[in-house]
Protein chains: 2
Amino acid sequence: MPRNNAHAADARHELAREPALVGLAALGLNDAAGAASLADAVARAYPVRARRELTSEGRPIAEPRMLLRGWAARVRLLPDGRRQFMSFLLPGDLIGMSAQPQPLAAATVIAVTDVVACRPPSIEETPALAGAYALSAALDEAYLLAQITRLGRLNAQERIADLLLELHERLTRNEMAQGNAFDLPLTQEVLADALGLTSVHVNRMVQQARRDGDLQWKGGRVTLADPAALARKIGRTPPRVSGMQGVAVAIVAPSA
Amino acid sequence: MPRNNAHAADARHELAREPALVGLAALGLNDAAGAASLADAVARAYPVRARRELTSEGRPIAEPRMLLRGWAARVRLLPDGRRQFMSFLLPGDLIGMSAQPQPLAAATVIAVTDVVACRPPSIEETPALAGAYALSAALDEAYLLAQITRLGRLNAQERIADLLLELHERLTRNEMAQGNAFDLPLTQEVLADALGLTSVHVNRMVQQARRDGDLQWKGGRVTLADPAALARKIGRTPPRVSGMQGVAVAIVAPSA
DNA sequence: CGCGGGCTTGACAAAGCTCAAGACTTGTGG
DNA sequence: CCACAAGTCTTGAGCTTTGTCAAGCCCGCG
């Protein structure tokens, strides 16, 4: 956990270790000043327990946050109890960064696992981060569009594969994946509520994917047999969001 | 069509007539300077034919746009021909406004009807607009989240009602609705591709909604029998996006 | 008047849901 | 170290919603 008092001199060092900062670096952050103030923000991190809400739908957003460890999710609850996850938030993701003066949360943000978050440097304080923030916002939106396509036009098997590929891609960017494997701290029930399915059907389709040799999933750990082949099989193309050269967004892991 | 050369003196006048500007005004724009430069932008409007692409997915965004007349949509095509509409764009909506230096379009934007668009004043030129732009972006995102919930957790009937209510709400904000009625320039096929359904099923469900007395739909014109009651029936709550007092976002029309 | 796009309808098939029960894990307290 | 409880995962049977295919109709436009 980042609790040590970080100085500018440590900044690069921190950058290299903290998954959140690895992720931001992959978005094109390579500025020492930005790194220093990020390291500073990281030093002021605080924990949040699983199942706690970070923001609640319709209420004012207290302050922006950056997720450092653990998984969170944006979720909406319908009056009759149905639940829809809009997106998952991984280390490095920004929460509630809005240009508006008094933004209201458009969805509840809940900690899926125990989580560590911090208050990110504001753009005013650290203009060097503006680019990374803009890119992060654009990527966020691209993933929302991907979620819409998933729910609207993919069948159950495709939805599962597509989401797992997306998560693998994002975790790889943060160096939180180990080759084709990664930790997936979600129940099938949560996955179902993200994919617009029932947990029973998710279960059946996951088993079929296992039988087809597309993946292994046991004890919270997923291994994709061949991400590139799976992506081809379901016609997935990862989101591209910036035309700037040298910005490594949406890296596809080489097939095994 | 806005072709007359607008001066600052005309600004308020223009504001009162152009649906796009009415919509922006409802987002809290009440600054004379902003209005003048908007009127200026409007004076440089240009038409785009139905079915033409305004931006194409994955390509660089040429320039930001503001829609003034007609309908457009953000759409994604899958390799096998499946199609998903992410959102509909109405007069006053901004297209491709990104803080990024070289943004790529995350989805194709296509003109659904003949359309008139213009280049909106940049924030740098006209800081008075920053607030309205931020609010507009927030509202955009809220509608994306609504679309996700619709596709993930509503059944066919609820999806149709929910989308029609959303459109009615947005058109009302632009004063483009006449009470509970509004023009809907969409085929059932397009609606189906927005709702993640087939056109056959949309057709059946629309007919059922007619039988239930929830709506009329004939010749491109929809009348909702009682929007408030329909919203209650499907448990819909319109998005709220700002805590600023006096910002009239997401007005619900009074029930008939 | 005929053409074409969009709407409507029917019969049937498939995907996904519901309900219900049992098996397996994991963490906890004794 | 064991036994239990709670939460997850798995499986089956039957059902509902939505999709597919195919044909006919309607209406506006050239």
Side-chain angles (χ1 to χ4, degrees), chain A residues 49-51 71 78 80-85 110-114 150-164 183-212 215-223 234, chain B residues 49-51 71 73 78 80-85 112-114 150-164 183-212 215-222 234:
Chain A
R49 286 250 161 253
R51 314 182 128 265
W71 290 42
L78 305 200
D80 66 353
R82 284 176 284 185
R83 183 172 68 161
Q84 178 66 47
F85 285 89
I110 193 175
V112 171
T113 65
D114 286 353
R150 205 148 44 214
L151 295 173
R153 281 297 175 238
L154 303 194
N155 66 28
Q157 290 185 64
E158 293 168 329
R159 285 183 211 183
I160 293 170
D162 188 67
L163 179 56
L164 291 179
D183 287 324
L184 183 72
L186 307 178
T187 64
Q188 293 183 355
E189 173 112 37
V190 166
L191 205 52
D193 283 344
L195 295 176
L197 302 167
T198 59
S199 61
V200 171
H201 199 55
V202 165
N203 181 279
R204 290 195 235 265
M205 295 300 106
V206 165
Q207 289 180 63
Q208 170 154 359
R210 286 199 267 242
R211 264 182 267 119
D212 293 350
L215 56 81
Q216 293 173 259
W217 181 5
K218 193 147 184 283
R221 188 162 181 85
V222 168
T223 306
I234 66 168
Chain B
R49 285 251 161 253
R51 313 184 128 264
W71 289 43
L78 305 199
D80 65 353
R82 285 177 284 185
R83 182 172 70 159
Q84 177 66 47
F85 285 90
V112 171
T113 65
D114 286 351
R150 205 151 39 217
L151 295 173
R153 281 297 175 236
L154 302 194
N155 64 30
Q157 289 186 66
E158 292 168 329
R159 285 183 211 184
I160 293 170
D162 189 67
L163 179 56
L164 291 179
D183 288 325
L184 183 73
L186 308 178
T187 64
Q188 293 184 354
E189 173 112 36
V190 167
L191 206 53
D193 282 344
L195 295 176
L197 301 167
T198 59
S199 61
V200 172
H201 200 57
V202 165
N203 182 279
R204 291 196 233 265
M205 294 300 106
V206 165
Q207 288 180 64
Q208 170 154 359
R210 285 200 265 243
R211 264 182 268 118
D212 294 351
L215 55 81
Q216 294 173 258
W217 180 4
K218 193 146 185 281
R221 189 161 181 85
V222 168
I234 65 167

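Throughout, protein chains are lettered first and strands after them, A, B, ... in sequence-line order, and every chain is numbered starting at 1.
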Practice problem: Could you check if a side-chain atom of B:Leu164 sits within less than 4.5 angstrom of a side-chain atom of B:Leu184, using non-hydrogen atoms only? | Solution: yes

Exercise. Give A:Arg51 one of three labels, base, sugar-phosphate or nothing, depending on what nucleic acid heavy atoms sit under 4.0 Å from its own.
Key: nothing

Quiz item: Below 4.0 angstrom from OP1 or OP2 of C:dC7, is there any side-chain N or O of B:Asn203?
Solution: no

Quiz item: Between A:Gln84 and A:Ala194, is there a donor-acceptor pair closer than 3.5 Å when you use the side chain of the first and the backbone of the second?
Solution: yes

Self-check item: Flag side-chain contact, heavy atom, 4.5 Å: A:Arg153 against B:Asp193
Solution: yes

Protein-nucleotides 15-19 of chain C N/O pairs under 3.5 Å:
unit_1	atom_1	unit_2	atom_2	d
C:dG16	OP1	A:Ala156	N	3.1
C:dG16	OP2	A:His201	NE2	3.3
C:dG16	O5'	A:His201	NE2	3.4
C:dC17	OP2	A:Thr198	N	3.3
C:dC17	OP2	A:Thr198	OG1	3.2
C:dT18	O4	A:Arg204	NH2	3.0

Quiz prompt | Close side-chain approach of A:Arg210 and A:Leu215, heavy atoms under 4.5 Å | solution = yes

Self-check item: B:Gln208 atom CD, neighbour heavy-atom count above 12 within 6.0 Å
Solution: yes

Quiz prompt | Side-chain touch B:Val190/B:Arg83, heavy atoms, less than 4.5 angstrom | solution = yes

Self-check item: Donor-acceptor contact present, side-chain A:Asp114 to main-chain A:Arg49, <3.5 Å
Solution: no

Exercise. Could you state the atom-to-atom distance from CD1 of B:Ile160 to P of C:dC7 in whole Å?
Key: 13 Å

Self-check item: Contacting residues from residues 186-195 of chain B, given that a heavy atom lies under 4.0 angstrom of DNA chain C
Solution: B:Thr187, B:Gln188

Practice problem: Can you tell me the distance, in whole Å, between the CZ atom of B:Arg211 and the P atom of C:dT8? | Solution: 11 Å

Quiz prompt | Nearest-Å distance for atom pair CD/P, residues B:Glu158 and D:dT17 | solution = 11 Å

Quiz prompt | Positive for side-chain contact (heavy atoms from CB on, under 4.5 Å) with A:Ile234, one of A:Arg159, A:Glu158, A:Gln157 | solution = A:Glu158

Quiz prompt | OP1 or OP2 of C:dC7 under 4.0 Å from side-chain N/O of B:Arg210 | solution = no

Quiz item: Separation of A:Trp217 atom CH2 from D:dT8 atom P, in whole Å?
Solution: 12 Å

